[in-house]
Amino acid sequence: MFKPVSPKLNVTLMEEGVLRYWKSHDIFHKSMEMRKGGPEYVFYEGPPTANGKPGVHHVLARAFKDIFPRYKTMRGYHVSRRGGWDTHGLPVEIEVEKKLGFTNKSQIEEYGIDRFNELCRESAFTYIQEWERLTDRIAFWVDLDTAYITYKNEYIETVWWILKNFWEKGLLYQGFKVVPYCPRCGTPLSDHEVAQGYRDAEDPSVFVRMPLVDEPGTSLLVWTTTPWTLPANVAVAAGADVDYVKVEHELPEGGSEHLILAENLLEKVFGEHHPRVVERMKGKQLKGKRYQPLFTFLPLEKPAHYVVLGDFVTTEDGSGLVHIAPAFGADDMNVAIEFDLPILMTVAPDGSFLSEVRPWAGKFVKQADPLIIRDLEDRGLLLRAGTYTHTYPFCWRCSTPLLYYARPTWYIRTSQFRDRLVELNNKINWYPGHIKTGRFGNWLSNNIDWALGRERYWGTPLPVWECESCRSQDCIGSVEELSARAGRDLSDLDLHRPHVDKVRLRCKECGGVMKRVPELIDVWFDSGSMPVAQWHYPFENLDQFKQQFPADYICEAVDQTRGWFYTLHAISTLLFDDISFKNVICLGLILDGQGQKMSKTKKNIVDPWEVINRNGADAMRWYLYTASPPGQERRFSSDLVEEVVRNFTLTLWNTYSFFVTYANLDGWKPVSNEVPAYNSLDLWLRSSLHALVRDVSAALENYDVLGATRPIETFVDQLSNWYLRRSRRRFWKSGSDADKQAAYATLYEALVTLSKLLAPTMPFIAEELYQNLVRSHDPAAPLSVHLCDWPAADQAAINDSLNREMSLVMRLASLGHAARNKANRKVRQPLAEAAFALGSAEEAAILAAYADLLEDELNVKHIRPLSGAGEAAAYSLNPLPKQLGQKYGSRFPAVRKAILEFPADVAARELLDGKPISVEVDGGVLEILPEEVEVRVQAREGFAVASDGPYLAALVTTLTPELVEEGLARELVRRIQDLRKTAGLEIADRIKVTVKATPGLQKACRSFRDYIMAETLALELTFGEPQNEAAAASDTFDGEEVTIGLIKA
RNA sequence: GGGCCUUUAGCUCAGUUGGUUAGAGCGCGCCUCUGAUAAGGGCGAGGUCUCAGGUUCGAGCCCUGAAAGGCCCA
């Protein structure tokens, strides 16, 4: 016996039961142990931060992460999937700051970094239980017991080891990074803070002459809205492919000068009557031209004041020549690094000019703007000054205009590896493919050095110590090294601030005291180090690391292209000259039902628990897999998930429930030692099933999630709504013949195979089916579907022509139904004949082979082809453009015309017979093949017809008294069955029926007495007034009246 | 401003190397089937395939440009 299955499914109850089963049998760990010794499949978990609640987007990522480890396990791979937690960084600090009511960094220092970091350590796991609960509930199998944690000393030590490696290769250096900075608050602002403070602002707009050194009388015309940055100018940037012109500009005081600017901006700068163009050139021709500096307040340590090229140069505004002050612009700084330009720092951290900038020393830079403009004017360097309105960021706290301001920081010289990063990226398999050369590839080929330093508290400290006296620096790569240098055992030292800051080393150069530099490192370096640091490599676990590097598969959302995807790739490239992941699925964002991004402020966040509690984790997962290609953003609402349950889960469930119900009634058991007597429907289903196994397997091998899921939906639909619908009678009939055995065997095979195909994607329902269908009869079978081997496609069962035949039969059935509808003949009324017109002789044979099936489906007594001679009233020809167009190209219109002018009935006869016709085109004769023309037919009067392309269904709708009687009998059966249901009888209960009917119906009832009794499982059928104790009902139909009573026999 | 993605029915999405009549599901209306079904079937309403050019015998698909939306970066 199978466990009885109700057609009603309580999804959450079922899933929770499965969860308990997995837990009590420790299935997850068994799935890993079982495959020990098998080939390794490596999955890396991109560590989430547990200081916020998990949301739908986390379910998305976790759902996609889960598929392949499960699939590969079933394929025999050993997949240890270690979890991980990202614990450092600003988000954690901000939460703690909020809790403490802090608004700036000095409060943290007053409070004590020690205590502050302890709170951060706790806060990092505020929602750990939420995460564990959700991870568990959605059946993301990841090993959280052994999860790596980025704040552990061992983890940090490996990160130090990596940094030391970079240090020794000369890749770690100190430079400047331009950040949005509030001069009043004295602090840089994060992107998030900057975004809050954009406003329209009016700034100066000045055009300045920069006279060329080697071409007297010629100046570059340069535009800026921040005159205060001009004293820090070191270069002018031009666009390589921008068209520039040299113009002859008349001076008001007489004479003329030459100015260089972008051609596109001539009119914007000078108006319609712009000066005469005397020369044209591309930006790259300007490269290297030297000009006289506007100011010389600061000494230059490197060559400066020449034209460089920058891809950020546009011709929207200004002159197309961009003034470069590396200290005050991010683009400017990148150019400075690229061209090795000096960086002139003219401004103090409070926003005032340094004393070296003599005329304006101590003045706030924005207030100095007018003075600088006047100075330039006095020296004849100003062409024009005006104002310019644009959006500009202000401090959200104090409304001071922000300055872009260079702060000293540490960099990793990743740009040195730019080409290698790109090369290695070519070895990575990206989904969707465009990320590889698009968003990620572009990012790599424009790689700039990684700004590593952070002036914060909770994170991995930069292990660089600097000598107080000689400024020499050392990088420390392990605790052991630190102990040795410090001259004491530091193995118990917490490597976080402030403890590590207290460690002083002796300078190797001068014997002075070395202190650690104040910076932490970018938290992204932590997670990017994860392939190495999770194992505390190379201090231990050398084998594990080797075995688990690189990853076969990682999966995160698209926002990680410049996050984790990049840091993983950059670190492994610099460290090992190798990739760290082979296949990656890059997910799109989740939007709400209206296509808006989910955000706390919009209050449109969908709580995953709401969805899970209502429709279950399987349905949620399935929706995420099937809704759209993985890389695409997807709308999400719980209504859409509910649709999955209704259309897919319940269809599958009810097929399963049907099977179990009848298998139990018949005492059917799975047997494997004999080949069932399959009928054509069985063969078709098995052909589809094994094609499905083949296709789903191939899709999973290719990381094609859509291809691994949508075909299953189609199959389940056909299984339920065609195979089962057409096979029901085979299960109903009493006894146990070979045909019935074949039906059971086929349906059973389909359901068991489906449970395995669904195991990676819908792990719960897969398990539920498997337990009842397999485990209940085979105690020796694996404990769980997730411990099973992946099914193999039986190539011999796959028969493509069978699939084509059946889809023709379905199409004809559909046409038959349409014809019935048009004739207003309901299906319950049997009809004498249905005739079909077909496209070829071959198709006529298919019709004959499936005549029984169609007769049953359409409730007609006889199925046959439409006779060409007497019944087809008219033919028309449809020249098929695909075939003919490809064959004849531009001659197609003429060929088509010739075919349409050919006598249609003559052509039809030949073509339907499989013979070609000859038509004359442009004086030549062409042979047109049957497969190149579709023959359409119209039936003569007297049929109810429906057609579709070459196919036509024609019904004979005239009714004989016998047909009418049979129709009535079926009506009666229908009503008795309804009554059985409402009376609450079991499917197999036998009944006694009493019928009181008007004469016509009573006569029909007598004629079809056996049929009625067989259909309704009636042991007795009597005529007369129903007894009092019986369930009874009265009804009127087709002009007849009836009262039915029934009682359980 | 740059890069990438998206735009097909009221909604969610398919749409093969370009083929003339652009599909499915949900929702809506009418009809129908049913002792597995929360379902199924048929018919209908609902489309300027975002727009404009171009290539082609033929464009939802290819090319160019534009618009709108999204993400990332400035």
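Owing to the predicted nature of the structure, the values given are computational and were not obtained by experimental measurement. So you know, we letter chains A, B, ... as the sequences are listed, proteins then strands, and number each from 1.
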A.B. asks: State whether R646(A) places a side-chain N or O below 4.0 Å from either non-bridging phosphate oxygen (OP1 or OP2) of A39(B).
C.D. replies: yes
A.B. asks: Using Watson-Crick pairs (N1 to N3, plus N6-O4 or O6-N4) and G-U wobble pairs, both distances under 3.5 Å, which stems of at least 3 pairs involve RNA chain B?
C.D. replies: B:1-7 with B:67-73, B:10-13 with B:23-26, B:28-32 with B:40-44, B:50-54 with B:62-66
A.B. asks: Among all residues two or more places apart in sequence or in another chain, which pass the salt bridge (charged side-chain N to carboxylate O under 4.0 Å, His left out) test with R990(A)?
C.D. replies: none
A.B. asks: According to side-chain hydrogen bond (donor to acceptor under 3.5 Å, both in side chains), who are the partners of E338(A), at least two apart in sequence or on a separate chain?
C.D. replies: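 For E338(A), no residue satisfies side-chain hydrogen bond (donor to acceptor under 3.5 Å, both in side chains) once neighbours in sequence are set aside.
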A.B. asks: Indicate whether OP1 or OP2 belonging to A38(B) is found under 4.0 Å from a side-chain N or O atom of K8(A).
C.D. replies: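 Yes.
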A.B. asks: Would you please name every residue forming a salt bridge (charged side-chain N to carboxylate O under 4.0 Å, His left out) with R828(A), sequence neighbours left out?
C.D. replies: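 For R828(A), the residues satisfying salt bridge (charged side-chain N to carboxylate O under 4.0 Å, His left out) (neighbours in sequence not counted) are E971(A).
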A.B. asks: Quote, to the nearest angstrom, the P distance that separates C63(B) from U55(B).
C.D. replies: 15 Å
A.B. asks: Could you list, one pair per line, each protein nitrogen or oxygen that sits under 3.5 Å from a nitrogen or oxygen of nucleotides 32-34 of chain B, together with the distance?
C.D. replies:
residue	atom	partner	partner atom	Å
C33(B)	OP1	R828(A)	N	3.4
C33(B)	OP2	R828(A)	NH2	2.9
U34(B)	OP2	R828(A)	NE	2.8
U34(B)	OP2	R828(A)	NH2	3.0

A.B. asks: Excluding sequence neighbours, so at least two apart, what forms ring-ring contact (aromatic ring centres under 6.0 Å, His included) with W564(A)?
C.D. replies: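 W564(A): no ring-ring contact (aromatic ring centres under 6.0 Å, His included) contacts found.
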A.B. asks: Pick the P atom in A36(B) and in A45(B), then give their distance to the nearest Å.
C.D. replies: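 Nearest-Å result for A36(B) against A45(B) at atom P: 34 Å.
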A.B. asks: Is any side-chain N or O of T1016(A) closer than 4.0 Å to OP1 or OP2 of G35(B)?
C.D. replies: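 Negative; the distance criterion is not met.
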A.B. asks: What pairs with R811(A) under salt bridge (charged side-chain N to carboxylate O under 4.0 Å, His left out), at least two apart in sequence or on another chain?
C.D. replies: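 So R811(A) forms a salt bridge (charged side-chain N to carboxylate O under 4.0 Å, His left out) with D948(A).
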A.B. asks: What is the nucleic acid contact for A813(A), judged by heavy atoms within less than 4.0 Å: base, sugar-phosphate only, or nothing?
C.D. replies: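 Touches nothing.
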A.B. asks: Ignoring backbone atoms, test whether Y656(A) places a side-chain nitrogen or oxygen under 4.0 Å from the OP1 or OP2 oxygen of A36(B).
C.D. replies: no
A.B. asks: G18(B) and G35(B): how far apart are their P atoms, nearest whole angstrom?
C.D. replies: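 Looking at atom P only, G18(B) and G35(B) are 49 Å apart.
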A.B. asks: Kindly write out the residues that satisfy side-chain hydrogen bond (donor to acceptor under 3.5 Å, both in side chains) with E642(A), not counting sequence neighbours, or none if the list is empty.
C.D. replies: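 E642(A) satisfies side-chain hydrogen bond (donor to acceptor under 3.5 Å, both in side chains) with R614(A) only.
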A.B. asks: Using atom P in both nucleotides, what's the gap between U6(B) and G25(B) to the nearest angstrom?
C.D. replies: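 Pairwise P distance, U6(B) against G25(B), rounds to 25 Å.
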A.B. asks: Please measure how far the C1' atom in A68(B) lies from the corresponding atom in U50(B), and state the result in whole Å.
C.D. replies: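 After rounding to an integer number of Å, I get 8 Å for this pair.
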A.B. asks: Could you work out, with salt bridge (charged side-chain N to carboxylate O under 4.0 Å, His left out) as the rule, every residue matching K740(A), not counting sequence neighbours?
C.D. replies: D666(A)
A.B. asks: G15(B) and A74(B): how far apart are their C1' atoms, nearest whole angstrom?
C.D. replies: 38 Å
